[in-house]
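Nothing here was measured: the structure is a model prediction, and the numbers come from that model. Letters A, B, ... mirror the listed sequences (proteins, then strands); counts begin at 1.
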Amino acid sequence: MATDSLLLQLFATLLDCYGNRHWWPGETPFEVCVGAILTQNTNWGNVEKAIANLKAADCLSITGIAACPPHELAALIRPAGYFNIKADRLQSFVRFLNVSHQGSLEQLFEIPWQKARYELLAVRGIGPETADSILLYAGGKPSFVVDAYTRRIFSRLGLVPEQISYDGLQQLFMQHLPLDVDLFNEYHALLVELGKQVCRPHPRCPACCLQKQCSFGNIKLEQSASE
DNA sequence: GGCCAGGACACCA
DNA sequence: TGGTGTCATGGC
């Protein structure tokens, strides 16, 4: 099967199984950006608590985070873990917006998204997954988000090597799927849902659970991406 | 009480 | 360039 149709078939199977996930949770694009930074290696439930604290303190804005003393910001986002590091990362992000885009998230999203991605990656604390999450879910740009679940799922399906790079796996999707924001949005959300359901870090994943417990309709699990 | 979660970065060989 | 340690809370 061609990789294009395999990826689309997997998407259809997951969509049928889990339904529309309505991602990303967040009332505004800026809240999505904050969530993308706070959720780094962290359970989303803890992120929600941190965001609630920011809202209660009236700090969930570019000016609010910029003006908040670092130790106070860290205290507000404490439930999200790594609070000292993430406080610094949030302030680096808003500093970038203020210096490079006149404090406007909209202005960032007006430039070509590839350039915006390059700029985001230069911000301290924003790596490829966070940058792509910001671009896709806050900016509505067709930049596919790859995360630990995506790598785990696709390597255990035998579609990619386990050690594939972020860019390598991202290219698999972006070269074989239409550059469709809604498709990328839903696809990543569905992969996360699947990962939460069945995919634990190897080797704790029971007998590589994906291969034993998930059939994905009529998709052959051992199928090679090159076929 | 241990494991894990929607990463990123500094440091070292 | 790749591997490893560090950052940290809260739920199960």
Side-chain angles (χ1 to χ4, degrees), chain A residues 11 14 18 20-26 29-54 56 70-96 117-139 141 143-156 161-170 173 181 184-206 208-210:
Chain A
F11 173 75
L14 293 174
Y18 296 120
N20 193 299
R21 307 312 301 160
H22 302 292
W23 266 32
W24 179 298
F30 183 70
E31 184 176 327
V32 171
C33 296
V34 170
I37 292 171
L38 293 181
T39 199
Q40 292 170 355
N41 205 33
T42 299
N43 182 289
W44 181 257
N46 292 348
V47 174
E48 288 182 321
K49 293 173 186 171
I51 288 177
N53 288 345
L54 289 172
H71 67 280
E72 289 184 19
L73 183 58
L76 290 172
I77 64 171
R78 187 181 183 90
Y82 307 118
F83 46 85
N84 289 318
I85 287 177
K86 288 176 180 176
D88 182 60
R89 290 178 181 177
L90 286 175
Q91 295 203 306
S92 294
F93 176 61
V94 298
R95 194 177 308 122
F96 155 71
R117 185 176 193 270
Y118 183 81
E119 291 187 5
L120 283 168
L121 289 175
V123 177
R124 181 182 182 82
I126 294 185
E129 182 183 339
T130 306
D132 291 328
S133 295
I134 289 172
L135 288 168
L136 180 64
Y137 291 104
K141 308 300 178 185
S143 194
F144 198 92
V145 179
V146 171
D147 62 7
Y149 286 137
T150 312
R151 179 176 287 106
R152 225 176 274 163
I153 290 167
F154 273 72
S155 67
R156 290 184 200 170
E162 192 170 353
Q163 301 304 322
I164 189 171
S165 68
Y166 184 97
D167 290 342
L169 188 49
Q170 185 187 46
F173 288 94
V181 172
F184 285 6
N185 180 320
E186 197 57 46
Y187 211 142
H188 174 235
L190 287 166
L191 286 172
V192 171
E193 187 60 32
L194 172 64
K196 284 180 178 176
Q197 299 284 336
V198 301
C199 193
R200 295 176 189 160
H202 187 82
R204 291 184 178 80
C205 175
C208 263
C209 55
L210 256 170

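Per the geometry, CG belonging to A:L90 stands 14 Å off C1' belonging to B:dG7, to the nearest Å. One interatomic measurement links the two molecules: CH2 of A:W44 to C1' of B:dG7, which rounds to 14 Å at whole-angstrom precision. Between the CD atom of A:Q40 and the P atom of B:dA8 there is a distance of 5 Å, given to the nearest Å.
Within residues 31-39 of chain A, the residues having any heavy atom under 4.0 Å from DNA chain B are, by residue number, A:T39.
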Please report the C-alpha distance between A:F144 and A:L169 in whole Å, then the side-chain angles of each, then the deciding distance to 0.1 Å, and finally whether the side-chain contact (heavy atoms from CB on, under 4.5 Å) criterion is met.
-> CA-CA 10 Å; A:F144 198 92; A:L169 188 49; over 6 Å; no
Given the rule in the side-chain contact (heavy atoms from CB on, under 4.5 Å) test, do A:N20 and A:E186 qualify, once you have shown the distances and angles that lead to the verdict?
-> CA-CA 7 Å; A:N20 193 299; A:E186 197 57 46; 3.0 Å; yes
Give the intermediate values and the outcome of side chain to side chain donor-acceptor pair (under 3.5 Å) for residues A:R151 and A:Q163.
-> CA-CA 8 Å; A:R151 179 176 287 106; A:Q163 301 304 322; over 6 Å; no
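A centroid separation of 6.0 Å or more is found between the aromatic rings of A:F173 and A:F184.
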Strictly under 3.5 Å: I want the nitrogen or oxygen pairs between protein and nucleotides 9-12 of chain B, one per line.
residue, atom, partner, partner atom, Å
B:dC9, OP1, A:G125, N, 2.7
B:dA10, OP1, A:R124, NH1, 3.2

Donor-acceptor pairs under 3.5 Å, side chain of residues 32-39 of chain A to any protein atom, not counting sequence neighbours: which ones?
residue, atom, partner, partner atom, Å
A:T39, OG1, A:T42, O, 3.3

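Among residues at least two apart or in separate chains, salt bridge (charged side-chain N to carboxylate O under 4.0 Å, His left out) pairs with a member in residues 118-139 of chain A are A:D88-A:R124, A:K115-A:E119, A:R117-A:D132.
Read 5' to 3', the first and last nucleotides of DNA chain C with an atom closer than 4.0 Å to a heavy atom of chain A are C:dC7 to C:dG11.
B:dA5 and C:dG3 are spaced 22 Å apart, taking the C1' atom of each and rounding to whole Å. If you take atom P in C:dA8 and the same atom in B:dA10, they sit 15 Å apart, rounded to whole Å.
Looking at A:E193 and A:R21, a side-chain N of the basic residue comes within less than 4.0 Å of a carboxylate O on the acidic one, giving a salt bridge.
Counting heavy atoms from C-beta on, the side chains of A:I85 and A:R89 come closer than 4.5 Å. Residues A:L73 and A:F83 fail the side-chain proximity criterion, which asks for heavy atoms closer than 4.5 Å.
Taking the six-membered ring for Trp and thresholds of 30 and 60 degrees, A:Y137 and A:H188 have ring planes inclined between 30 and 60 degrees apart.
Phosphate proximity of B:dG7 to A:T42: absent, as no side-chain N or O sits under 4.0 Å from OP1 or OP2.
Residues satisfying the side chain to side chain contact (heavy atoms under 4.5 Å, CB included) test with A:E48, not counting sequence neighbours, are A:W44.
Among the protein residues, A:N46 comes within range of the nucleic acid bases, having at least one heavy atom under 4.0 Å from a base atom. Across all strands shown, A:K49 has heavy atoms under 4.0 Å from sugar-phosphate atoms exclusively, and none from any base.
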